[in-house]
Number of protein chains: 2
Amino acid sequence: MRTPAELTTAFRSLGLKVTPQRQLLFRLLHDNTSHPTAEALFEVASAQMPGISLRTVYQTLTDLAGMGELQSFAFGGGAIRFDPNVGPHHHQVCVSCDEIADVYVDGVDQLNVSLRNESEAHSFAVASTDIVFRGRCVRCAHTV
Amino acid sequence: MRTPAELTTAFRSLGLKVTPQRQLLFRLLHDNTSHPTAEALFEVASAQMPGISLRTVYQTLTDLAGMGELQSFAFGGGAIRFDPNVGPHHHQVCVSCDEIADVYVDGVDQLNVSLRNESEAHSFAVASTDIVFRGRCVRCAHTV
DNA sequence: ACCTTATTTGCATCTCATGCGAACTGCCAA
DNA sequence: TTGGCAGTTCGCATGAGATGCAAATAAGGT
Ligand SMILES: [Mn+2]
Ligand SMILES: [Mn+2]
Ligand SMILES: [Zn+2]
Ligand SMILES: [Zn+2]
């Protein structure tokens with residue numbers, strides 16, 4: 001995701017308005033590596049701007065995702081996670097505390113893929129690859 | 001997932017009962033490669049057993065998953081998918097029609113993973129790796 | 001055949017997300 | 001600076017997916 005200043009320009013040039021609510025969310029999302037849910041962002045935003053509505057948070061997240069400034073993922077067990085890191089990367093998810101961290105993986109495009117039904121091999125046009133490593137984070141590894 | 005006959009034995013030995021509803025679902029899931037949702041299974045089951053309830057389908061799927069006979073995945077955009085193929089494999093998902101197919105990938109355990117924050121490297125204990133290839137299936141590639 | 005215990009089923013409830021429209025406000029133009 | 005259009009906010013209604021609950025039912029050991 002671009003900086004709040006850049007997003008301000010981008011929004012205006014699209015005929016979209018830059019409201020205080022949106023500016024706050026730009027700030028909260030910039031460099032945010034926590035992969036927050038809409039509700040989680042709403043909690044943080046509410047502390048700084050009492051009265052902001054959850055509906056507006058959802059609205060702005062949807063707008064940003066539509067502009068390609070955010071990715072969204074549906075990991076199991078709950079709400080969609082938003083990610084301002086739109087570069088190529090993958091994720092490790094703690095099965096205990098649901099913490100999500102970015103990981104960078106080499107050789108993804110060189111993975112050797114095969115199907116049981118060979119007739120379908122190579123007929124699927126891969127546009128993107130998402131890898132999720134599940135396990136226990138450092139903190140949860142102790143408290144098993 | 002094991003065969004209906006084997007599941008019958010397994011259920012009884014756990015003190016669980018083998019009802020007609022469960023037998024039907026055992027049959028519908030055995031060798032099923034469509035990664036169905038609970039609702040999709042309910043539709044098919046209803047055709048063969050009018051009156052079966054959606055609640056029972058959910059219940060049985062949850063039981064089977066708890067026994068390790070099924071996997072479940074939350075791909076984006078909708079309901080959870082169930083998978084009787086519990087061996088090591090991955091998935092390709094059509095972004096157009098949501099069709100899901102099994103794929104087998106070599107070298108997953110040899111992927112070279114790195115984190116931006118080197119202090120956390122290797123501190124995450126990976127228990128499983130899920131890879132999702134997104135793109136267009138053969139059928140949808142034509143009708144773009 | 002009986003009886004205990006698990007199961008089925010319908011309905012209520014819950015979470016997450018989106019539809020909707022009245023009130024509001026950014027921001028451009030005059 | 002001010003007026004006004006168009007985009008936005010926000011609360012409430014609605015929807016999808018999934019689970020909680022308990023009365024009625026049925027499996028299966030005895
Ligand atoms: Mn990420
Ligand atoms: Mn599969
Ligand atoms: Zn953890
Ligand atoms: Zn398709």
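Because the structure is a prediction, the values reported are computed rather than measured. Below, each value reflects all heavy atoms present in this structure, side chains not excepted, and no hydrogens, waters or symmetry copies.
The ring-ring contact (aromatic ring centres under 6.0 Å, His included) check on Tyr58(B) picks up nothing, with sequence neighbours excluded. The side-chain hydrogen bond (donor to acceptor under 3.5 Å, both in side chains) check on Asp130(B) picks up Arg134(A), with sequence neighbours excluded. Qualifying salt bridge (Lys or Arg N to Asp or Glu O under 4.0 Å) partners for Asp102(B), counting only residues two or more places apart in sequence or in other chains: none. Applying the side-chain hydrogen bond (donor to acceptor under 3.5 Å, both in side chains) test to Thr62(B) and every residue at least two apart in sequence or in another chain returns nothing.
A heavy atom closer than 4.0 Å to some atom of DNA chain D occurs in Val18(B), Pro20(B), these being the qualifying members of residues 18-29 of chain B.
For the helix from dA1(C)-dT30(D) to dA30(C)-dT1(D), the angle separating the two terminal helix axes comes to 30°, with each axis derived from five pairs and the value rounded to 10°.
Applying the salt bridge (Lys or Arg N to Asp or Glu O under 4.0 Å) test to residues at least two apart or on different chains, none of the pairs has a partner in residues 80-98 of chain A. Screening residues 47-65 of chain B for salt bridge (Lys or Arg N to Asp or Glu O under 4.0 Å), with sequence neighbours left out, gives Arg22(B)-Asp63(B). Within the structure, the salt bridge (Lys or Arg N to Asp or Glu O under 4.0 Å) test picks out no pair touching residues 27-42 of chain B (sequence neighbours left out).
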Could you pull out the protein-nucleic contacts involving nucleotides 3-5 of chain D (nitrogen or oxygen on both sides, under 3.5 Å)?
none

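The outermost nucleotides of DNA chain C lying under 4.0 Å from heavy atoms of chain A, listed 5' to 3', are dC16(C) to dC27(C).
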Per-nucleotide protein contact string for nucleotides 15-20 of chain D, where B marks a base within reach and S marks sugar-phosphate only (heavy atoms under 4.0 Å, - for neither) = --SSBB
